[in-house]
J.: 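Take this structure, written in structure tokens, and hold onto it; I'll ask about it next.
As the structure is a computational prediction, the values presented were derived from the model and not from experiment. So that the names make sense, note that chain A is the first sequence line, chain B the second, and so on, each numbered from 1.
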Amino acid sequence: MRIATYNINGINARLPVLLQWLEEEKPDVVCLQELKSPDEKIPKKAIEDAGYNAIWHGQKRWNGVAILAKGMEIKELERGLPGDPDDVQSRYLEAVVNELVIGCIYLPNGNPAPGPKLEYKLRWYERLTARAAELIEYEVPAILVGDYNVMPTELDTYKPEKYKNDALFLPEVREAFHNLVAQGWTDALRKLYPGEEIYTFYDYFRNAYGRNAGLRIDHFLLSPHLNKKLVSGGVDKHVRGWEKTSDHCPAWIELK
DNA sequence: ATGGCCGTAGAATACGGA
């Protein structure tokens, strides 16, 4: 089973890119982030015509997450991240697909830091860590996948010093990510490519893609059960070079 | 140190993104 994540940066503006990529790669499950669309404007029919069932948690203007599955049932478990009834931002969607728990994640950016946005990000990490602990406790096969808005190590940014005061690379944010992983999760792409440069995001500015000035901020975390089922994975880097494309690349893993 | 590029809302420009 091939599972992909893609921060689409506006599902309606990027629909041709999304459909082209689905047609080329045919992933079994897709987690999308940054839909930037209210629920009623999600291009439901185009997704269905491409062969996918889908659930989504949209919002006007910003955020928004969706889970797509090719010819498989999607049973929704959580809409929104538990732990704060006042959090109105659409950043978490969790479902069972093919007996696998899939959490689709769009973590807050946190900039400018320090400030309330960083505080929200850190609280969000705490809530995600609490939910992740429950999944570990249930001993279910689970994958937490999406845009974590963190470069976990210096290897994950083309220029570490440029980001040392950035909310994507601050020590407390990296620590929050490492604390989550330390519950027993596996960072799948890093496991497959130890010591290698793997980028999933390229800024629109300054020809970042052309210069390979990237960041690795989209991650797959595998529960202990799934660790040994990881076969392969990668980043569909070429999609970042398409017209009217997102600033993120799709990334994927294959589970046996 | 700054601003460069995008989408969205909505009608000019502000905001969020990373």
J.: Take atom CG of L18(A) and atom C1' of dG7(B), then tell me their distance rounded to the nearest Å.
T.: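 That distance rounds to 16 Å.
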J.: Tell me: CZ of F201(A) to C1' of dG16(B), nearest whole Å?
T.: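 Value for this atom pair: 12 Å.
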J.: Just to be sure I understand the rule, does N7(A) reach a base, reach only the sugar-phosphate, or reach nothing, if contact means heavy atoms closer than 4.0 Å?
T.: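 The answer is sugar-phosphate, as N7(A) gets under 4.0 Å only of primed atoms, P, OP1 or OP2.
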J.: Side chain of K244(A), heavy atoms from C-beta onward: which of dG10(B), dG7(B), dA14(B) has the nearest atom to it?
T.: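 The nucleotide sitting nearest to the side chain is dG7(B).
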J.: Toward the 5' end of DNA chain B, which comes first, G10(A) or E34(A), by nearest nucleotide?
T.: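 Whichever sits nearer the 5' end wins; that is G10(A).
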J.: When the distance from OH of Y148(A) to P of dG17(B) is rounded to whole Å, what number comes out?
T.: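 That distance rounds to 18 Å.
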J.: To the side chain of K60(A), which of dG10(B), dG16(B), dG17(B) is closest?
T.: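 Side chain of K60(A) sits closest to dG10(B).
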J.: If you look at every strand shown and take non-hydrogen atoms under 4.0 Å, does N207(A) touch a base, only sugar-phosphate, or nothing?
T.: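 It contacts nothing in the nucleic acid.
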J.: Think R91(A) has a side-chain N or O under 4.0 angstrom from the OP1 or OP2 of dG17(B)?
T.: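 Result: yes.
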J.: On a whole-Å scale, what distance lies between the P atoms belonging to dT13(B) and dA1(B)?
T.: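 Per the computed distance, 30 Å lies between those P atoms.
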J.: Considering only side-chain heavy atoms of Y204(A), which listed nucleotide, dC5(B), dA9(B), dT8(B), is closest?
T.: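 The closest nucleotide is dC5(B).
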J.: Expressed as a whole number of angstroms, how long is the span from L168(A):CG to dG17(B):P?
T.: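 Whole-Å distance recorded here is 10 Å.
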J.: Base, sugar-phosphate or nothing for Y106(A)? Non-hydrogen atoms, less than 4.0 Å.
T.: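 Result for Y106(A) = sugar-phosphate.
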J.: Provide, to the nearest angstrom, the distance between the CD1 atom belonging to I8(A) and the P atom belonging to dC6(B).
T.: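 I8(A) atom CD1 is separated from dC6(B) atom P by 16 Å.
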J.: Using the ring of each side chain (for Trp, its six-membered ring), is W21(A) parallel, tilted or perpendicular to Y6(A), with breaks at 30° and 60°?
T.: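 Perpendicular.
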J.: Among dT8(B), dG17(B), dG16(B), which is the nearest nucleotide to the side chain of N12(A)?
T.: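 Closest of the options to the side chain of N12(A): dT8(B).
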J.: Could you measure between the two P atoms, the one in dG16(B) and the one in dG10(B), and give it in whole Å?
T.: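 Approximately 15 Å lies between the P atom of dG16(B) and that of dG10(B).
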J.: Please work out if N149(A) contacts a base, only the sugar-phosphate, or nothing of the nucleic acid, heavy-atom cut-off 4.0 Å.
T.: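 Sugar-phosphate only.
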J.: Take the protein atom CE of M151(A) and the nucleotide atom C1' of dG17(B), then report the distance between them rounded to whole Å.
T.: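 For the pair M151(A) CE and dG17(B) C1', the rounded distance is 14 Å.
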J.: If I pick the C1' atom on dC15(B) and the same atom on dA11(B), what distance separates them, to the nearest angstrom?
T.: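 Straight-line distance between the two C1' atoms is 16 Å.
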J.: Below 6.0 angstrom between ring centroids: does that apply to Y202(A) and Y209(A)?
T.: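 Centroid distance Y202(A)-Y209(A): below 6.0 Å, so yes.
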J.: So which of R131(A), R79(A), K75(A) actually passes salt bridge (Lys or Arg N to Asp or Glu O under 4.0 Å) with E94(A)?
T.: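 For E94(A), the salt bridge (Lys or Arg N to Asp or Glu O under 4.0 Å) test succeeds with only one of R131(A), R79(A), K75(A), which is R131(A).
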J.: Write down the distance separating the P atoms in dT2(B) and dC6(B), rounded off to the nearest Å.
T.: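 Approximately 23 Å lies between the P atom of dT2(B) and that of dC6(B).
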J.: Given dG16(B), is OP1 or OP2 found less than 4.0 Å from the side-chain N or O atoms of K117(A)?
T.: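 True: K117(A) side-chain N/O within range (under 4.0 Å) of dG16(B) OP1/OP2.
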J.: Report the distance from atom CG of D203(A) to atom P of dC5(B), rounded to the nearest whole Å.
T.: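 Those two atoms, CG and P, are 11 Å apart.
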J.: In terms of side-chain heavy atoms of R14(A), which of dG7(B), dA9(B), dC5(B) is nearest?
T.: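 So the nucleotide nearest the side chain must be dG7(B).
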J.: Consider the side chain of F205(A), meaning its heavy atoms from C-beta on, and name the nucleotide among dC5(B), dG16(B), dA9(B) that approaches it most closely.
T.: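 Within the option list, the nearest is dC5(B).
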J.: F177(A) and H219(A): aromatic ring centres closer than 6.0 Å?
T.: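 Yes, the ring of F177(A) comes within the 6.0 Å limit of the ring of H219(A), centre to centre.
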J.: Decide yes or no on side chain to side chain donor-acceptor pair (under 3.5 Å) for N9(A) and S246(A), but give the supporting numbers first.
T.: CA-CA 5 Å; N9(A) 188 16; S246(A) 170; 4.8 Å; no
J.: With respect to the side chain of R61(A), which nucleotide from dG7(B), dG17(B), dT8(B) is positioned closest?
T.: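 Comparing dG7(B), dG17(B), dT8(B) against the side chain of R61(A), the answer is dT8(B).
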J.: For the pair made of CG in D247(A) and P in dT8(B), what is the distance, rounded to whole Å?
T.: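 To the nearest whole Å, that distance equals 13 Å.
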J.: Less than 6.0 angstrom from the centroid, inside 45 degrees of the normal: does R174(A) satisfy that with respect to the ring of F169(A)?
T.: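 Satisfied, under 6.0 Å and within 45°.
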